[in-house]
Protein chains: 2
Amino acid sequence: MATRAQRTERRTDALSKERIVDAAIGILDAEGEKGLTFRALAARLATGAGAIYWHVANKDELLAAATDGVVTRVVTDVGRGEGPREGIRTLALGVFDAIDVHPWVGTQLSREPWGSALLQIFEGLGGRLQELGVARADQLNSASALLNYVLGAAAQNAANARLALPVGADRSTFLGGIAARWTELDAARHPFLRQVSAELPEHDDRTQFLAGIDLILAGVDTARRAHG
Amino acid sequence: MATRAQRTERRTDALSKERIVDAAIGILDAEGEKGLTFRALAARLATGAGAIYWHVANKDELLAAATDGVVTRVVTDVGRGEGPREGIRTLALGVFDAIDVHPWVGTQLSREPWGSALLQIFEGLGGRLQELGVARADQLNSASALLNYVLGAAAQNAANARLALPVGADRSTFLGGIAARWTELDAARHPFLRQVSAELPEHDDRTQFLAGIDLILAGVDTARRAHG
DNA sequence: ACCTGAACACCGTTCAAGT
DNA sequence: ACCTGAACACCGTTCAAGT
């Protein structure tokens, strides 16, 4: 019995921060942010609610760790095979797609301003801007422009997912409904929304997201030409 | 007595959605998002917690109305006196400054994707892009690039305010602490963060925010030239 | 029509007690 | 060292009862 205890590398059912975070991600994906409860988490792990506090300080740390897990995977997967410009697009799109699968990540990214997940994305964007030859004085501004754009789109997408899914309607009818409401708006006060409402039902979120990245990169190029 | 009841325009202390929303804004500004409770709100209004539900459906509607109140004031104040490019900068900066005063607005804007507050900003940005002569095919992409950037920066700023204020430290020591942590990072894995850490303590959030707007507008100009 | 306030069904977090 | 589960101090929301 004593030897058995010695050679037990690690009991599969032992609690650990990793197991807790994985279970949390599972709940978040399946039930959304409202579903993640210490009681639900304890039930899934077949333990008491208080046990989780031995491995995790509180709910904020748990959410940060879960976000970190997802983002680390994305940033690592992107790799360094391609050129800096394509790398920025791939990285941004990777974050965008991850949020499609894990909408709660989009919300969480905006909540922890200097968290590890955010820094990884920031480093990924900024490092590639350096490779691109952006002047040193412009690097911080350009990288945070890209980061803020990605974060804004991410949060927006996450909120959309929260809104569209409960209804159960498919994407185009959902957008169609919004467009219909916009079309009814006062043309004098909302000329832009009215016009855009026609394009909304057929637009593709992913394409639009990438167009925004390219727009910012075009702005970066302008500054680059002005400096050099 | 009957005539008295007739000529009572409106008792000053009567509950109304407007009074409730104003009180909510007051609590949110003073105590933050965590401080806004139906019980705290009822206490401030000298009424029962349940009374609020006669005027407001639930907490989400309350938060949306509060956000709407702040944003409407900003969008209205900006006016139409200046050219479209300057108008975009003024509008964006107006939202940015409003979030400095009401950090909770930054969080909330990302939570209600098709809410009135967001649409007002979107219309303000998009309408001015139309005036700027942006090709119709590029208007939706350009406007949402600007919107997502503003939202990302807004949420980030709000999260920073949540983080910095409880500590009570002033801004430069706060940023200095973050920069110090970045400087310790592995130079090989985080070349960008390390370099940027030197610029962080002296950088100005407002200036950087505006630089991002200008960067996107430069990208918009590029597309404009290509089309025209 | 509008307001009251107790009650319900939850939370995150703590902590004495166990192993 | 790690886990249990009851208990504490809250929440948002409802609803019978009042005026």
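Here the structure is a predicted model, which is why all the values come from computation and not from measurement. To find a chain, count down the sequence lines: A is the first, B the second, and so on, and within it residues start at 1.
A 4.5 Å side-chain heavy-atom check between B:Val70 and B:Trp104 finds at least one atom pair inside the cut-off. The shortest side-chain heavy-atom distance between B:Ile213 and B:Val150 falls under the 4.5 Å cut-off. At least one side-chain heavy atom of A:Leu118 sits under 4.5 Å from a side-chain heavy atom of A:Leu151.
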Candidate pair B:Arg162 and B:Thr107, rule side-chain hydrogen bond (donor to acceptor under 3.5 Å, both in side chains), full reasoning: CA-CA 10 Å; B:Arg162 258 199 315 273; B:Thr107 314; 3.2 Å; yes
Pairs under 3.5 angstrom only: tabulate donor-acceptor contacts from the side chains of residues 49-60 of chain B to other protein residues two or more places apart or in another chain.
residue, atom, partner, partner atom, Å
B:Asn58, OD1, B:Asp60, N, 3.2
B:Asn58, OD1, B:Glu61, N, 3.0
B:Lys59, NZ, B:Leu36, O, 2.9

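Remark: B:His55 is not in phosphate contact with C:dA1, judged by side-chain N or O atoms under 4.0 Å from OP1 or OP2. Phosphate proximity of D:dC2 to A:Trp54: present, with a side-chain N or O under 4.0 Å from OP1 or OP2.
Contacts with DNA chain D (heavy atom under 4.0 Å) in residues 21-31 of chain B: none are found.
Within 4.0 Å of B:Leu36, counting heavy atoms only, lie sugar-phosphate atoms of the nucleic acid but no base atom. No contact: B:Ile52 has no heavy atom under 4.0 Å from any strand.
Pairs engaging residues 64-77 of chain A under the salt bridge (charged side-chain N to carboxylate O under 4.0 Å, His left out) rule: none recorded [sequence neighbours left out]. Among residues at least two apart or in separate chains, salt bridge (charged side-chain N to carboxylate O under 4.0 Å, His left out) pairs with a member in residues 194-207 of chain A are A:Asp97-A:Arg206, A:Arg171-A:Asp205.
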So which protein N/O to nucleotides 13-16 of chain D N/O distances come out below 3.5 Å?
residue, atom, partner, partner atom, Å
D:dT13, OP2, B:Tyr53, OH, 2.9
D:dT13, OP2, B:Lys59, N, 3.0
D:dT13, O5', B:Tyr53, OH, 3.1

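Counting only Watson-Crick and G-U wobble pairs whose two key distances fall under 3.5 Å, DNA chain D forms stems of three or more stacked pairs at C:4-8 with D:12-16, C:12-16 with D:4-8.
C:dC3 atom P lies 9 Å from atom CZ of B:Arg19, rounded to whole Å. Taking atom NZ on B:Lys34 and atom P on D:dG12, their separation rounds to 12 Å, with Å as the unit. With rounding to whole Å, A:Leu41 atom CG is found 14 Å from C:dC11 atom C1'. In this structure, A:Leu45 atom CG and D:dC2 atom C1' are separated by 15 Å, rounded to whole Å. Atom CD in B:Glu61 sits about 15 Å away from atom P in D:dG12, given to the nearest Å.
Using modelled atom types, one side-chain atom of A:Ser16 and one backbone atom of A:Arg19 make a donor-acceptor pair closer than 3.5 Å. Using a distance-only test at 3.5 Å, with no hydrogens or angles considered, no donor-acceptor pair links the side chain of A:Arg44 to the main chain of A:Ala40.
Atom CD1 of A:Ile88 sits about 4.0 Å away from atom CG of A:Leu129, to the nearest 0.5 Å. Atom-to-atom distance recorded for B:Glu123:CD and B:Ser116:OG is 11.5 Å, nearest 0.5 angstrom.
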